[in-house]
Amino acid sequence: MLDLVLKNAQIALPGGDLSFGAVGVKDGRIAVIAEAADDLAARETIDCGGLLLLPGVVDPHVHFDFGNPETDFETESRAAALGGTTSILSFHRSKDIRDSFPVVKERAERQSCIDFGLHFGLTSQLHVETLEEISRRFGVTSFKLYMMYKGAAGAAKGFTEIDDALLYTALRATAAIPGAVMGVHCENVEVIPVLRPPLKAAGRNDLKAWNEQSPGFLEAENVFRVCYFAAQTGTPVNIVHMSAGDSLEIVRQQRKMRGRSGPPIHVETCPHYLVVDDEWPAGVLAKVNPPVRGRADIEALWEGVFDGSVTTIGSDHVARKRETKDKDIWGASAGFPGSGLLLPLMLHEGFHRRGLPLSRIVELTSANAARIYNMPSKGAIAVGKDADLLVVDPDLERTVDHAVSESYSDYSPYQGMRLKGWPVRTLVRGRTVMQDGRITDEARANPWGRYLERMPR
C-alpha cells in the first residue's frame, strides 16, 4: 500500500523526455514510476489531469535572514513553495559560525515548510582556520566569499580581512574538504569610487546609473581572478549571480584551457539577469548587486542558458521592506524578493518565449544544484529520491502580486507582470504544501521542513 499516487501526469524523467504515467510515493520517497496507476493501491490519489509533473525547484541562492531574521524561514519558505521551490540553500555568516549555526538551524527547523540547507559566508581568517571543523560538524560543503567587500566597502560593513589573501587561503581550505565548492561574489569595488562620483555629480538617480557605477567588466575581472586562483589551488568554484556576458566568456575560456582534468567552474545566474534590464520600469526597486545590465548582457546569458555554459539558476531572494528602497538609487538597499518566481519566470521567459526545453529548465532549476551541492535525494523524479514534486500547468497565466506572495517583503520589481506557466501543487517529501496558489492549512500548522546535511559520508 502506497501513501500517495499521482496519476495522469506528463512526468519529466531524468534524461529529458516526458513520459505519461503515474508516480507512487511511500514514506516520503518515490517508490514507483509506472505507465498507469491501475495496479497502484494508495491511501491518497491525485489526478494530475494531464499536467506536467516536475521535480521540485532547488533554489541554491537565498538570504532568509535579511528581512526579519526571527520569522524569515516561516514567511519566505511559504513564498518559495508558492512558486514550486521545495529546497533552498540560504547564506549564513557571523563572527564565529561555531556559535551561531545551532541557533539558526533550530529556528529554521521550527519554521520552514520546505527543506533547507546553509552556505557559510567567509569573511575572516578565523572562518578559514575553522572551515574543516564547521564543515564536518554541521554538514555544510558550500561557502561564499564576497569580493565586493574588499577595502573601504567591506570596512563600512565591519569586514576588514577580505582581500586576495583571504580568497587564496579560503580556496585552499575548500579544496581540502571532500565535495566542497566555493561560491564567489565577483565585483571589483576598488574601481567603483572612480566611476561613481561623476554620476552623482550629474544628478543621476536612475537604475542605469547603478549599472554604470559598477559595469560588467568589473565583474569579469574578478571572475578571471577567481578562476585563476582556483586553478592554482585545485578548487571547484561557483561564480554566483553572474550578470555580464564578458564574465561568461571568461569562464568558457578558462574551462577550455583546463579541459576535463581541472576542477570545475560552475556558473549561477538569476532570473533578473535574464529578464530585467537597466531601464526596467520598477526603477530603484530593481537595484541589486551586481547590477542588472543592458539587453546585450541579457542575450549573452540566455545563450549560456541554452548552450550549457550556465549551470544553475538561483533567485538571490532578499525579503526586506519597501521602505528600504524608498530612497534614491545611491541610498536604497540592494536586492529584492524572487524565490517564488524562479520557476514561473523560467517557464514564461524560457519555455514559452524562447523555446527553452523543459529538460533544460529542470537541469537549471533542480538537478544541477542537487548534484553540485551534495543533495543526492533531491533534483529528479526517480525511484528512491525524495518525493519533492510539482504539478505544473504550463498554460496557466497569473499576474504577479506581492500582496499574495506570503513574503515578509511588501513589494516586487515584477509587480503586475503576467506570467504563463505556474505550479498548481507543491509537494515536499510527498506532503502537499501548496495547492491552487495557497499554502495548505497543514503546512501552516505543522511545517515539516528538514535540514539538509550535505557532508559526504
Side-chain angles (χ1 to χ4, degrees), residues 9-20 23 33 51-61 80 83-89 181 238-245 247-249 251-252 255 264-276 297-316 338-373 375-376 378-382 385 388-396 419-423 426:
Q10 298 184 69
I11 308 168
L13 297 175
D17 293 331
L18 290 175
S19 177
F20 197 86
V23 172
I33 299 171
L51 296 179
L52 300 173
L53 192 63
L54 306 183
V57 171
V58 178
D59 187 344
H61 193 140
T85 295
T86 56
S87 300
I88 58 92
L89 294 175
V181 59
N238 187 19
I239 310 302
V240 300
H241 50 49
M242 182 179 284
S243 67
S247 300
L248 189 59
E249 190 55 36
V251 169
R252 288 191 180 105
R255 286 171 173 166
I265 306 170
H266 305 296
V267 170
E268 169 200 281
T269 194
C270 306
H272 44 273
Y273 297 125
L274 299 170
V275 177
V276 178
D297 286 297
I298 288 176
E299 295 306 317
L301 290 173
W302 272 113
E303 182 181 331
V305 165
F306 273 86
D307 70 16
S309 300
V310 171
T311 320
T312 60
I313 306 288
S315 68
D316 202 0
S339 186
L341 296 175
L342 193 159
L343 181 61
L345 283 166
M346 290 304 295
L347 290 171
H348 181 83
E349 294 287 332
F351 179 68
H352 286 296
R353 295 192 62 188
R354 295 174 180 264
L356 184 67
L358 280 172
S359 58
R360 181 71 179 128
I361 291 176
V362 169
E363 289 177 355
L364 289 162
T365 63
S366 191
N368 288 350
R371 172 178 54 83
I372 293 166
Y373 292 116
M375 294 181 278
K378 306 297 185 182
I381 299 178
K385 299 278 190 181
D388 296 346
L389 301 167
L390 308 179
V391 181
V392 175
D393 185 344
D395 297 318
L396 176 62
L419 301 179
K420 185 176 182 179
W422 291 82
T426 300

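Predicted model only: the values in this text are computed from it and were never measured.
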Is it true that a side-chain atom of T269 and a backbone atom of M242 form a donor plus acceptor pair closer than 3.5 Å?
yes
Would L89 and M375 count as a side chain to side chain contact (heavy atoms under 4.5 Å, CB included) if you check the C-alpha gap in whole Å, the side-chain angles of each, and the deciding distance to 0.1 Å?
CA-CA 11 Å; L89 294 175; M375 294 181 278; 3.9 Å; yes
Could you walk me through whether L389 and V23 pass the side chain to side chain contact (heavy atoms under 4.5 Å, CB included) test, one step at a time?
CA-CA 10 Å; L389 301 167; V23 172; 4.3 Å; yes
Could you list the residues that satisfy side-chain contact (heavy atoms from CB on, under 4.5 Å) with D395, not counting sequence neighbours?
H352, D393, K420
Between I33 and A382, the two heavy atoms sitting closest are CD1-CA, 4.0 Å
Measure the OG-CD distance between S309 and E249 for me, rounded to the nearest 0.5 Å.
8.0 Å
From L358 CG over to L18 CG, what is the distance, rounded to the nearest 0.5 angstrom?
6.0 Å
For D59 and G314, work out which heavy atoms get closest and say how close.
OD1-CA, 3.6 Å
Under 3.5 Å, side chain of Q10 to main-chain N/O of L51, donor-acceptor pair present?
no
Nearest non-hydrogen partners of I313 and E268, listed with the distance:
C-CG, 4.5 Å
Would you check if T85 and L343 make a side-chain contact, meaning some heavy-atom pair closer than 4.5 Å?
no
Closest heavy-atom contact between I298 and Y273?
CG1-O, 3.4 Å
Minimum heavy-atom separation for H272 and S315, please, with both atom names.
CE1-O, 3.5 Å
Atom pair CD1/OG of I239 and S247 - distance to nearest 0.5 Å
8.0 Å
Of V57, T312, V310, the one forming a side chain to side chain contact (heavy atoms under 4.5 Å, CB included) with L364 is V310
Quick one: are L54 and T365 in side-chain contact, heavy atoms under 4.5 Å?
no
Are any side-chain N or O atoms of K385 and backbone N or O atoms of P376, one a donor and one an acceptor, separated by less than 3.5 Å?
yes
Side-chain contact test, heavy atoms from C-beta onward, threshold under 4.5 Å: evaluate it for V391 versus L53 and give yes or no.
yes
Nearest 0.5 Å, what's the CG-OH distance between N368 and Y373?
10.5 Å
Least distance between heavy atoms, G56 atom then T86 atom:
CA-OG1, 3.3 Å
Which of L341, L347, V392 passes side chain to side chain contact (heavy atoms under 4.5 Å, CB included) with W422? Answer is L341
Are V267 and R255 packed together at the side-chain level, in the sense that at least one heavy-atom pair is separated by less than 4.5 angstrom?
yes
Approximate separation, where rounding is to 0.5 Å, of D316 CG and H241 NE2
5.0 Å
Sorted by chain and number, sequence neighbours left out, salt bridge (Lys or Arg N to Asp or Glu O under 4.0 Å) with E299 holds for R295, R354
Nearest-0.5 Å distance that lies between atom CG in D388 and atom CD1 in I381
10.0 Å
Using a 4.5 Å cut-off on heavy atoms from C-beta on, say whether the side chain of T311 contacts that of I265.
no
Listed partners of E349 passing side-chain contact (heavy atoms from CB on, under 4.5 Å), at least two apart:
V275, W302, R353, M417
